[in-house]
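Take a look at the structure below.
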Amino acid sequence: MSNEKASDVIGKRREKIAELKADGVNLFPNDFAADHTIGVIKDKIENEPDSLSEDGPRFSVAGRMMAINKFGKSSFIRFRDRTGQLQAYIRKDRVGSETYSLFKRLDVGDFVGMKGVMFTTKTGEWTLLASELKLLCKAVRPLPEKFHGLKDPEKRYRHRYLDLIMNNSTRDIFIKRSRIVQAIRNVLLNRDFLEVETPMMQPIPGGAEATPFITHHNVLGMDLYLRIAPELYLKRLVVGGFDRVFEINRNFRNEGVSTRHNPEFTMLEFYQAYATFKDLITLTQEMFREVSQEVTGSTSVEFQGNTIDFGGPWRCMPLLESLQEIGGVDSGLLNDREGLLGFASSKGITITKTDRIGKIITKLFDILVEPKLIQPTFITGYPVEVSPLSRRSDKNPDITERFELFIAGYEIANGFSELNDPEDQRDRFLQQVAEREAGNPEAHFMDEDYITALEYGMPPTAGEGIGIDRLTMLLTDSASIREVILFPHMKPADKGIH
RNA sequence: GGGCCGUUAACUCAGUUGGUAGAGUAUCUGCCUUUUAAGCAGAGAGUCGCGCGUUCGAGUCGCGCACGGCCCA
C-alpha cells in the first residue's frame with residue numbers, strides 16, 4: 001500500500017514488534033485453550049459464590065485487552081470476549097518475572113489468554129488473579145482513544161471492525177438485527193412456512209419497479225440482472241405446491257444512496273396460499289408484536305422522539321381517503337387528472353406529464369401523506385396501474401386488493417392478494433412494456449415463463465414484502481440505514497483514512 | 001441534482017484580527033504490588049483532505065475538487 005508512511009505511534013509499535021520477534025516471542029500462536037468465556041465465569045460466581053476464592057475453580061479465558069493500568073510489579077487489565085468484559089490482575093510474583101516482563105511490553109488491543117482464580121478487589125470488583133498469561137495476537141495499530149472512542153461516522157462505516165470494538169451501541173444494533181431476523185424466521189416457521197432461496201441473478205428482473213444492476217455470465221454468453229425482488233420466483237413455488245414459502249435475502253436496486261436507501265438491502269417476502277391481503281394485515285400485526293416483544297421486550301418502541309405502538313389494532317385507511325384527510329387534497333380533484341396536476345405544481349411537486357392518474361396519486365401520497373404516518377398505518381386501495389402483480393378488487397376493478405404499511409414515515413411493507421389470472425397478468429405486463437417503451441426504465445419486463453406458470457394454476461394466494469433494514473432502524477432507533485447495515489456502500493476513499 | 005456543515009497528531013477536539021501548530025488520551029523514558037478515564041516527572045509525534053489563487057506571510061481569506069454528515073428534491 002502507498003500509505004505505509006509510518007506514523008510515530010505505529011512506527012514505534014512496529015519496532016517493538018520486531019524486537020519481540022527477535023527475542024523469539026511467537027506473536028500469533030494458536031495453541032491456547034480458552035475453556036471459559038467471561039460470561040460463563042460470571043454466571044459461575046453468581047450461582048456458586050464460593051467460586052470467588054483463591055481456593056475456587058481455576059479458569060482459562062481469553063480476550064482483547066481494552067485497558068491496562070501498569071504499576072511497577074503488578075497491573076490491572078480490562079479484557080473482553082464476545083460475552084462481556086472482565087478485569088484481571090497480573091502480579092509479577094504470580095506469573096513469574098519472565099512472563100511479567102513480556103506482559104509489560106504488550107499494548108492495549110493485544111489479545112491474551114490467562115489462567116487463574118477469581119477474587120474480589122478492595123473496590124468490590126470481580127477480578128481474575130492470573131497465574132499464567134500468554135500473548136495470543138499482537139496488534140500493530142493502536143485502538144482509538146479509550147474515553148471518546150471512535151466518533152467520525154466516515155471512519156465508523158469504513159472501518160466497521162473498529163466501530164464494533166469501540167462502540168457498544170454499534171455491537172448492540174447488530175446483535176439486535178440478528179435477533180430480529182431470527183424472530184421473524186420463528187414467526188413464519190411456527191406458522192408452517194417453508195424457507196427457500198431463489199435466484200439472485202435473474203435473466204428477467206421482476207417483482208418490483210426499479211432499475212436493476214446488470215452483470216454478465218461469460219460461459220453462457222448472456223447478461224443477467226441482480227434481482228430487484230424475489231416475487232415472481234416465490235410465486236412459481238406456490239404454483240409448485242409450496243403453499244407457504246418465505247425468503248429473507250438481499251435485493252439490489254441501482255439507485256441513489258441516502259439515509260434510507262442502500263443499493264443492496266434485505267427483504268423478507270412471504271406467500272400464503274388460500275389467504276387474502278386481509279389475512280396478511282392480521283399476520284403482519286402479529287409478527288411485529290412478536291418480534292418487537294422478543295427483541296426489545298416491549299410492543300412499543302421509541303423512535304427518533306416518537307413512541308411507536310405496535311399494540312393493535314392498527315389504523316387502516318384507503319389511499320384516496322388518506323389523501324383527503326391527511327394530505328389535504330380536495331375530494332373533487334381525486335378523479336380529475338388535470339386538476340391533480342395543477343394541485344401538484346401549486347405544491348411544488350414535479351410530476352411527469354405522461355404519468356397516469358394512479359401514478360400522480362401515489363406521488364402526491366409519497367410527499368403529502370407518507371411523512372405524516374407515524375403510528376403503524378395500513379394504506380389500501382392502490383390503483384391497478386401501479387400494482388401490476390396484484391389481484392383486482394371484486395368490488396372495484398380499478399383498484400387492487402393491496403396494502404402498504406407505513407411506520408414513522410417509512411414504507412415498511414407492501415402486500416396484496418396475488419393476481420393469478422394469467423390472461424389479466426399478461427395484459428398488465430403488456431401495459432408495463434408499453435410504459436417502458438414510453439421511457440419508464442423502472443417498468444416491468446414481460447415474463448412469459450411466469451405467465452406459463454400461472455397457466456398451470458396458482459391457488460388464491462396473498463404475499464408480502466417487509467424491509468428488514470427499515471424494520472431494524474425502527475427497533476434500534478437508528479436514523480440512518482447505514483447504522484443497521486454492517487458494511488454500507490461508500491465511495492472509495494482513495495487516500496487519507498488508513 | 002441543490003443547500004448548509006465538516007475534514008488539524010493514532011483517537012477526541014481547540015486554534016483569536018492572516019504572523020513559528022495546541023490540549024487530553026495514546027506512544028516513548030523513569031518511579032510505583034488493589035487500579036477504575038490510576039498517579040507523578042520528563043520526551044517525541046503534524047503533507048492542517050487535495051489543488052490553484054490573493055498576500056511579504058494562509059490551518060485561518062477566495063475559487064475549484066474529493067470524501068463524509070444533515071436537510072431538500
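Source: prediction; values computed, not measured. Protein chains get the first letters and strands the later ones, always in sequence-line order, with residue 1 at the start of each.
A residue-by-residue look at A:V9 and A:V108 shows that A:V9 has its nearest nucleotide of RNA chain B further toward the 5' end. When each of A:I68 and A:K73 is assigned the nucleotide of RNA chain B with its nearest heavy atom, A:K73 is the one assigned upstream, toward the 5' end.
Both stacking criteria are satisfied for A:F76 over the base of B:U35: a centre-to-centre distance under 5.5 angstrom and an angle between ring planes under 30 degrees.
Interface remark: the A:Q87 side chain does form a donor-acceptor pair with the B:U35 base, using a distance-only criterion of under 3.5 Å. Side-chain atoms of A:T121 come within donor-acceptor range of the base of B:U35, with a qualifying N/O pair under 3.5 Å.
Under the 30°/60° scheme for interplanar angles, the aromatic rings of A:Y161 and A:H159 are found to stand perpendicular.
Proximity note for A:N69 (side chain, C-beta onward) versus B:C28, B:A26, B:U35: the nearest is B:U35. Distance from the side chain of A:K12 is smallest for B:G44 among the nucleotides B:G44, B:U12, B:C70. Across B:U33, B:C13, B:C70, the shortest atom-to-atom separation from the side chain of A:S480 is found for B:C70. Among B:C11, B:A37, B:A10, the nucleotide with an atom closest to any side-chain atom of A:K155 is B:C11. Of the candidates B:G69, B:C11, B:U35, B:C11 carries the atom nearest the A:L150 side chain, counting heavy atoms from C-beta on.
Within 4.0 Å of A:G149, counting heavy atoms only, lie sugar-phosphate atoms of the nucleic acid but no base atom. Note on A:S75: nothing from the nucleic acid sits closer than 4.0 angstrom, heavy atoms only. Within the 4.0 angstrom heavy-atom criterion, only backbone atoms of the sugar-phosphate kind lie near A:R482; the bases stay farther away. Residue A:K151 is in sugar-phosphate contact alone, with no base atom involved, counting any heavy-atom pair closer than 4.0 Å across all strands shown.
Nucleotides B:G39 and B:A26 are separated by 8 Å at their P atoms, to the nearest Å.
Residues from residues 356-364 of chain A with heavy atoms under 4.0 angstrom of RNA chain B: there are none.
Both key distances under 3.5 Å define a Watson-Crick or G-U pair, and stretches of 3 or more such consecutive pairs in RNA chain B run B:1-7 with B:66-72, B:10-13 with B:22-25, B:27-31 with B:39-43, B:49-53 with B:61-65.
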